[in-house]
Amino acid sequence: MKSPIRKAVLLVGGKGTRLRPLTLERPKALVPLLNQPLLSYELSLLARHGITDVILAVGYRADALKAALGDGSAWNVRLTYVEDPSPLGTAGALKNVESLIDGPFVAMNGDLVYDVDLGSVTRAHIESGATITFCLRRVEDIRRFGLIQCDDNGRVLAFKEKQEVDETRRNTVNSGLYVMSPDVPAQIPPGREFSNETQLFPGLLEAGHPLFGFVPPHQGYWADVGTLESYLQTSRDLLGSAIPWVRGSIAASADISPEASIHPPVCIGDDVNIAAGSVIGPNVAISRGCRIENGSRIRNAILWEDAQIQAGCELADTVVGARSTTPEGSRHVGEVIVQ
Ligand code: GTP
């Protein structure tokens with residue numbers, strides 16, 4: 001369903017410390033997933049729902065983001081970059097884009113892979129007249145997430161972190177996606193670090209603002225890419241068609257020896273070279289320009305651009321950074337390799 005709201009603010013200024021050392025080289029929003037930058041999945045989701053005016057609240061490695069994403073036309077959106085002068089936190093970054101807000105807008109953490117009907121969420125926001133509409137997910141295990149308890153009409157009653165059980169039994173948690181009325185940035189103090197989750201949202205609730213939770217009728221795929229485990233898991237999920245409109249592919253320019261074995265699902269980029277006797281897959285994404293020498297075995301792995309796997313290596317549950325090399329005959333399980 002198309003969205004009646006056309007503007008979004010994506011928070012992409014964080015340092016991504018949990019994904020270091022991968023995020024020392026590039027910001028989290030640009031880590032490759034099925035050979036596309038992580039943020040491309042949010043940009044595609046927004047474009048699919050007609051939300052084409054997208055503000056990126058950038059900070060850490062802003063130049064790399066601008067160089068990689070440009071004006072956004074590759075994803076059918078128009079990007080505007082606004083840089084935090086210093087780390088401002090998730091709410092401080094929203095305050096920093098205040099001058100560009102002229103109506104209700106979608107706000108989203110920039111590290112999500114989410115398949116959701118944004119039209120239904122934005123419509124619910126307009127109908128309820130809420131200050132903020134929280135797009136909620138129902139989960140079985142609430143312990144890892146921010147619990148948002150609502151009454152029968154969806155009005156938010158409480159925000160609770162890291163609970164064991166939800167006594168209301170609704171188990172609705174924060175997805176990191178919100179629809180906000182244009183006066184929200186005015187509620188955030190200027191020029192200092194301020195958090196959505198721990199300061200802005202509880203403060204607005206206490207002040208009596210109408211905050212609503214909305215559970216979309218169809219629960220699509222959701223993941224946040226924060227750790228090595230969630231990065232590898234999300235790659236596996238997408239290779240396994242968790243989102244119907246996302247597919248891995250094998251580039252026509254890949255040079256794959258007829259004596260290599262490829263076990264789907266895999267995603268293989270341009271100009272990749274795979275030598276005889278290699279066994280690739282399942283669940284492997286190989287970015288452009290990588291070289292896999294003879295007799296290597298790779299499963300559950302992500303290779304960034306121009307990585308080189310020398311002969312006879314074994315890799316599992318591992319990420320190899322751009323231009324990095326694994327020495328001949330080496331074995332890597334659950335590792336991040338950057339050189
Ligand atoms: P960790 O350091 O590993 O926790 O990762 P992170 O920096 O991404 O932090 P977190 O997962 O809490 O952030 C959620 C989203 O908000 C991510 O998309 C971040 O890029 C973004 N974000 C976090 N802090 C800031 C900030 O100070 N400014 C801006 N513009 N975005 C932020």
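In listed order, ligands and their atoms are each counted from 1.
With respect to the salt-bridge test (charged N to carboxylate O, under 4.0 angstrom), the residues Arg6 and Asp53 do not qualify. Ion pairing between a basic and an acidic side chain is recognised when a charged N comes within 4.0 Å of a carboxylate O; Arg48 and Asp115 show no such pairing. Ion pairing between Arg323 and Glu25 holds under the 4.0 Å rule for side-chain N and carboxylate O. Electrostatic pairing of Arg288 and Asp271 does not count as a salt bridge here, judged by no charged N lying under 4.0 Å from a carboxylate O.
Of the candidates Asp84, Leu39, Leu112, the one placing a heavy atom closest to atom 28 (N) of ligand 1 is Asp84.
Atom 9 (O) of ligand 1 lies below 4.0 Å from none of the non-hydrogen atoms of the protein.
For Glu193, no heavy-atom contact with ligand 1 is shorter than 4.0 Å. Residue contacts with ligand 1, taken as heavy atom pairs separated by less than 4.0 Å, involve Asp111 via backbone and side-chain atoms alike. With a 4.0 Å heavy-atom cut-off, ligand 1 is reached by the backbone of Ala57 and by its side chain too.
Nearest to atom 5 (O) of ligand 1 among the protein's heavy atoms is Gly16 CA, 3.4 Å. The nearest heavy-atom contact from the protein to atom 4 (O) of ligand 1 is Arg18 NE, 3.1 Å. What sits closest to atom 16 (O) of ligand 1 on the protein, heavy atoms only, is Thr90 CG2, 3.6 Å. Among protein heavy atoms, atom 22 (N) of ligand 1 sits closest to Gly14 N, 3.5 Å.
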Please assess Ser261 against His263 for the test side-chain hydrogen bond (donor to acceptor under 3.5 Å, both in side chains), listing each intermediate value before the final yes or no. CA-CA 6 Å; Ser261 312; His263 299 285; 4.7 Å; no
